[in-house]
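Below, chains carry the letters A, B, ... as their sequence lines are ordered, and counting in each starts from 1. We use all heavy atoms of the structure for the numbers below, so side chains are in, but hydrogens, waters and symmetry mates are not.
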Amino acid sequence: MSNFFPLKVIELENTTKDSVVVSFDVSQDLYETFDYKPGQYLTLRFNVKGEEVRRSYSLCSSPMLEEPLRIGVKRVKDGLVSNHINDQLKVGDTVNVMPPDGRFFVDIAKENYKTYYLFAAGSGITPILSILKSVLYTEEHSFVHMLFGNRNEESIMFKEELKKLQKAYPDRLLLKHTLSRPKSEWSDLWTSKKEKRHRKGRVDAACVKWFINEFPPYAQNAEYYICGPGTMIENTKKALQENDVPDNRIFTESFGTATTDDGSKGFDNARLVASLDGEIVKATIPEGKTLLRTLIEAGKEPPYSCEGGVCATCICKLKKGKVHMKNNLALDDKEVSQGYILSCQSVPLTPEVEIAYE
Amino acid sequence: MNMDKQQNWMHELPVAAYTSKEWFDMEMKHIFSKTWQFAGLVEDVPNPGDFISVQAGLNNIFIVKGRDHRLRAFHNMCRHRGTQLLRAVGKGKKAITCPYHDWTYDLEGKLISLPKQEEEFPELKKPLHECGLNLHEASVDIFKGMLFVHPDKDAPSIMDFFGSVVPYLGPHIVEELVEFQEKEGEPFYAKEINANWKIIVENYIDHYHLAHLHEGTLNMYDHAKAEFGWEGSHYWFYEPLVPDYLADVKNAAPYPLIDSVPMEKIGAYVPWLFPNIGITEGESTWSTFHAIPLTPDRTLVVIRTKVMNLSEWEFTKQYTKSAMSKVWQHYGNRGKYEGDASDPMASGDFMAEDVYACEQQQKSLQSPMFSVGAQAQRGEFAVAQFQRVVKEWIEKGKAHE
């Protein structure tokens, strides 16, 4: 089920003060296993302070280029794993890694003629960078219009790499930065507003509207990719919808600690019946535990990776009872109405819950 | 098709292909309704809510811009009883309502309302946009500053169709140019010509005639140095200016030079994009040449011309410089025959010369004695190749029927 492979760290590079890019070596026999589409992520397993933890990180490398698998990891305040990676990881270390996965990706094809709108904020740049490089490198007729939000100049991940791409593809890449708290410089005093390299503010409704009005698509098959923390995704998506962008052209990947939990506690000591790998598992769900954690503690191996309600690896179907999902950033309304749930986010609302992993 | 073995022939096609309703209908079905069709210039649909509708072969298609500035294309007929939804050009649409029974669609083509739904259509129980009554989608895209539509919503990408000819097009950045209109809203040239659309295409791509029919009108271009060929279904052509004109082009050009064309690339780029749109990319003008078949022996030609986006004063200055240039004493405006300017062959106007030649050829197709006698192997190579491409599309279409 959970197939982890030991991969060796071959390079560590700080792209900002509080983030590191980790490169992994993939031996020839694992090339196919670790093949990926731009936008997908890796799941890493660590033992930190005696606890097994998994975290998913988007690949920022491009499968179209001859470059190692690369993830960008930004420190999260009090984050167990992100700080471990930033502080402890050394070149030569081996990390247990699951093959690439994820539903947020672009199908690159040489003959495509598209306009890609990429919206990134903070470390949300990682999958976006992979998409950006892959499109520019492979789809010679396609255009990229990208809006990248950060706190200030110093917190922009991959700043140099982005500059190089702008130079290499001036006709097909349009990149605008927006900074929520730019550091003022003396030179700003005699720089006219027009000449400023960035816009001030967050990636919010006004900014998104400005961006799509200012930079209309040339190739008319336009797609919109959004990745960032917390409410940035919802705000961007809503702004796009309000400007007539149809849902089937919008793709999102949520990051970090966003939680929409309303504090529902759930039903204590509910009975769980789960059909998993052809086995019927019965267990009692301890107070506050998710369906997924209940199964893991019962010694079972249900599929999962991010445990944050983002990746949908732990998807299963609810056959009986009701659950509350603390955070759902992966399933759309249609899937939910068909009874699909994220087991890593679900707590029971009824005395009995029956689920099936398909 | 006329199966008579005695039938007369053009190079690769029977004469009937230029005169019969049967061939015309086949072309409408298998060529004009299955290819990307020219629909205008990007500036024709400038703002969200603006739309245009165009006839593309058998299909009437409208293009509308959303607030996301992306264009959408739909077949211009109500899903109720087929009434045309939108007329030629318009602005500010937020929804599309059929004039007949007020069925209303949003800008994604989804049916959103209809009068007396519960009483008259009790069978429509699902949300309206799930009732299979949304507008039929079409495709729209932009290529070199031009709008194109395709009746199939899953049409192959426009770059699949035109991509291979791109390297042979002029370096002109069309979006920077503005349309030259003597009267606002009217194209530079529009005329119904009494000839089959293919006669007009063949004239456009015929290198052999340039030095002869147009000996006094297009002689500022160096026909001897012309380069041309085919890529996919499309024809490309380039020829430089004659040395005298090139030496004084900054003064002699009738309009300000197009600044996206570097001096070393200056010349006439004159491709023909299959099936019916030519581009004439010159030193001071950039034009589309749209041949719209009306009947087997009538074709509407619409030419739209773009020039540099400069003040009227700049154009006046250039006009004066051009008028004073010695170049035009030897080139560009002398008719083939002596005579009154109303005679196309004495007019000194190359379009009038072409129209004359096309209409005269079409007339002769009626003659039982007519047949193409011989083919210039280089100069008319493109004419025969174009006919082969037409034949291929027809045969491919019929095979899939």
| said: Using only atom types and a distance under 3.5 Å, with no angle test, would you say the side chain of A:Tyr113 pairs donor to acceptor with the backbone of B:Asp160? | reply: no
| Hey, what do you get for CG (A:Asn248) to CD (B:Glu108), rounding to the nearest 0.5 Å? | 7.5 Å
| message | Once rounded to the nearest 0.5 Å, what's the spacing between atom CD of A:Glu242 and atom CZ of B:Arg67? | response | 8.0 Å
| said: With a 4.5 angstrom heavy-atom cut-off, is it the side chain or the backbone of A:Tyr224 that approaches chain B, or both, or neither? | reply: side chain
| remark: Looking only at heavy atoms, the pair that brings A:Asp244 and B:Arg72 closest together is O-NH2, 2.7 Å
| field | For the student: nearest non-hydrogen atoms of A:Gln220 and B:Leu71, plus distance | value | OE1-N, 2.7 Å
| Heavy atoms of other groups near A:Arg249 CZ, more than 12 under 6.0 Å | yes
| message | Are more than 12 heavy atoms, taken from residues, nucleotides or ligands other than B:Glu123, located less than 6.0 Å from that residue's CD atom? | response | yes
| task | Could you tell me which non-hydrogen atom of B:Ile142 sits nearest to which non-hydrogen atom of A:Pro217, and how far apart they are? | result | CD1-O, 4.5 Å
| task | Measure distances from B:Leu107 to the heavy atoms of chain A and classify the residue's part below 4.5 Å as side chain, backbone, both or neither. | result | side chain
| Counting only heavy atoms not in A:Lys209, do more than 12 sit closer than 6.0 Å to its NZ atom? | no
| Looking only at heavy atoms, what is the nearest atom pair of B:Ser157 and A:Glu111, with distance? | OG-O, 3.7 Å
| task | First locate atom CG of A:Asn221, then atom CD1 of B:Ile158, and finally report the distance between them rounded to the nearest 0.5 Å. | result | 12.0 Å
| request: Decide if atom CZ of B:Arg304 counts as having more than 12 heavy atoms of other residues, nucleotides or ligands within a radius under 6.0 Å. | output: yes
| said: Does any backbone or side-chain atom of A:Glu140 lie under 4.5 Å from a heavy atom of chain B? Answer side chain, backbone, both or neither. | reply: neither
| said: How close do B:Phe143 and A:Tyr218 get, counting heavy atoms only, and between which atoms? | reply: C-OH, 4.3 Å
| message | Taking the side chain as everything from C-beta on, heavy atoms only, tell me whether A:Ser142 gets closer than 4.5 Å to B:Met159. | response | no
| field | A:Glu66, CD: over 12 other non-hydrogen atoms inside 6.0 angstrom | value | no
| task | Please look at B:Asp141 and chain A and tell me whether the side chain, the backbone, both or neither of the residue comes under 4.5 angstrom of a heavy atom of that chain. | result | both
| message | Counting neighbours of OH on A:Tyr137 that are heavy atoms of other residues, nucleotides or ligands and sit closer than 6.0 Å, is the number greater than 12? | response | no
